[in-house]
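Written out below as structure tokens is the structure these notes cover.
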Amino acid sequence: MPTQKDNYNRNIDFIGGREKGRWIFGNALCHLVVYAQSTSVYISTLTLTSIAVDRFFVIIYPFKPRMRLSTCLAVIFFIWTFSLIATIPFGLFMDHKSIAGRFYCEEKWPSENFRQMV
């Protein structure tokens, strides 16, 4: 009967999809997880930046009208569209490979120069 200590010693990180360094969720999720993580970082950062810019204008120009709903929706649409497009390379250049019967999910860029451009 496995104990709690046995489960701890198995060293599984379900959030990262790794079991002792191996990728256990297959090829599709190898690409999708990295893409989703990258996209969420971009969306979060740009959303917080847009909130900061809005607050700046409200403080500096207190008597001017606030941002209209249409402007707000346009900013949100831009943030999501830009984030989804800009992070495509992170999902595309992942390699799901088998080494000695174990599967790994790692970055595989065409060249070092290309990786630095992105």
Side-chain angles (χ1 to χ4, degrees):
M1 181 102 180
T3 65
Q4 186 176 7
K5 185 177 180 184
D6 292 333
N7 287 334
Y8 178 76
N9 288 335
R10 284 178 45 202
N11 192 20
I12 295 179
D13 176 11
F14 286 108
I15 295 173
R18 299 176 187 275
E19 176 183 354
K20 297 182 182 176
R22 298 184 300 167
W23 181 258
I24 60 176
F25 293 123
N27 187 35
L29 284 179
C30 175
H31 297 278
L32 287 176
V33 166
V34 173
Y35 180 67
Q37 287 176 338
S38 304
T39 303
S40 68
V41 168
Y42 272 59
I43 290 170
S44 298
T45 304
L46 292 173
T47 301
L48 289 173
T49 303
S50 68
I51 291 170
V53 169
D54 178 55
R55 296 288 90 205
F56 170 80
F57 282 114
V58 168
I59 291 170
I60 297 299
Y61 306 109
F63 299 114
K64 288 198 175 190
R66 303 247 347 237
M67 188 185 315
R68 293 186 321 225
L69 180 61
S70 60
T71 306
C72 182
L73 292 175
V75 168
I76 292 171
F77 178 78
F78 171 77
I79 288 172
W80 275 82
T81 305
F82 176 78
S83 299
L84 290 170
I85 292 171
T87 56
I88 287 174
F90 295 111
L92 286 179
F93 297 112
M94 293 302 293
D95 187 28
H96 184 247
K97 60 183 176 182
S98 174
I99 300 175
R102 293 184 173 195
F103 289 98
Y104 297 91
C105 181
E106 299 176 344
E107 291 182 7
K108 185 176 182 182
W109 295 91
S111 69
E112 183 63 25
N113 290 336
F114 185 77
R115 185 187 70 81
Q116 290 177 355
M117 284 187 339
V118 176

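Numbers here are sequence positions counted from 1. What you see below is based on every heavy atom in this structure, not just the backbone, and it leaves out hydrogens, waters and symmetry mates. For clarity, every value in this text was computed on a predicted model and none was experimentally measured.
Between the OG atom in Ser38 and the CG atom in Leu84 there is a gap of 11.5 Å [rounded to 0.5 Å]. Separating the CD1 atom in Ile59 from the CG atom in Asp54 is a distance of 9.5 Å, to the nearest 0.5 Å. To the nearest 0.5 Å, the span separating CZ on Phe93 from OH on Tyr35 amounts to 13.5 Å. With values rounded to the nearest 0.5 angstrom, Arg66 atom CZ is found 12.0 Å from Thr71 atom OG1.
Between the side chain of Ser50 and the backbone N or O of Thr47, at least one donor-acceptor pair lies under 3.5 Å.
Two different hydrophobic clusters hold Val41 and Leu32 under the rule that ILVMFWY side chains link at heavy-atom gaps under 4.5 Å. Note on Val58: it does not cluster hydrophobically with Met67, by side-chain heavy-atom contacts below 4.5 Å among ILVMFWY residues. Cluster annotation: Tyr42 and Ile88 are assigned to the same hydrophobic cluster (Ile/Leu/Val/Met/Phe/Trp/Tyr, side-chain heavy-atom contacts under 4.5 Å, transitive). Ile85 and Phe82 are assigned to two separate hydrophobic clusters, defined by single-linkage of ILVMFWY side chains at heavy-atom distances under 4.5 Å. Under a hydrophobic clustering in which Ile, Leu, Val, Met, Phe, Trp and Tyr are joined whenever their side-chain heavy atoms come within less than 4.5 Å, directly or via other members, Ile51 and Ile79 fall into different clusters.
The environment of Arg55 atom CZ is dense: over 12 non-hydrogen atoms of other residues, nucleotides or ligands sit within 6.0 angstrom.
Within the structure, side chain to side chain donor-acceptor pair (under 3.5 Å) contacts touching residues 73-87 (residues at least two apart or in different chains) are Thr39-Thr87.
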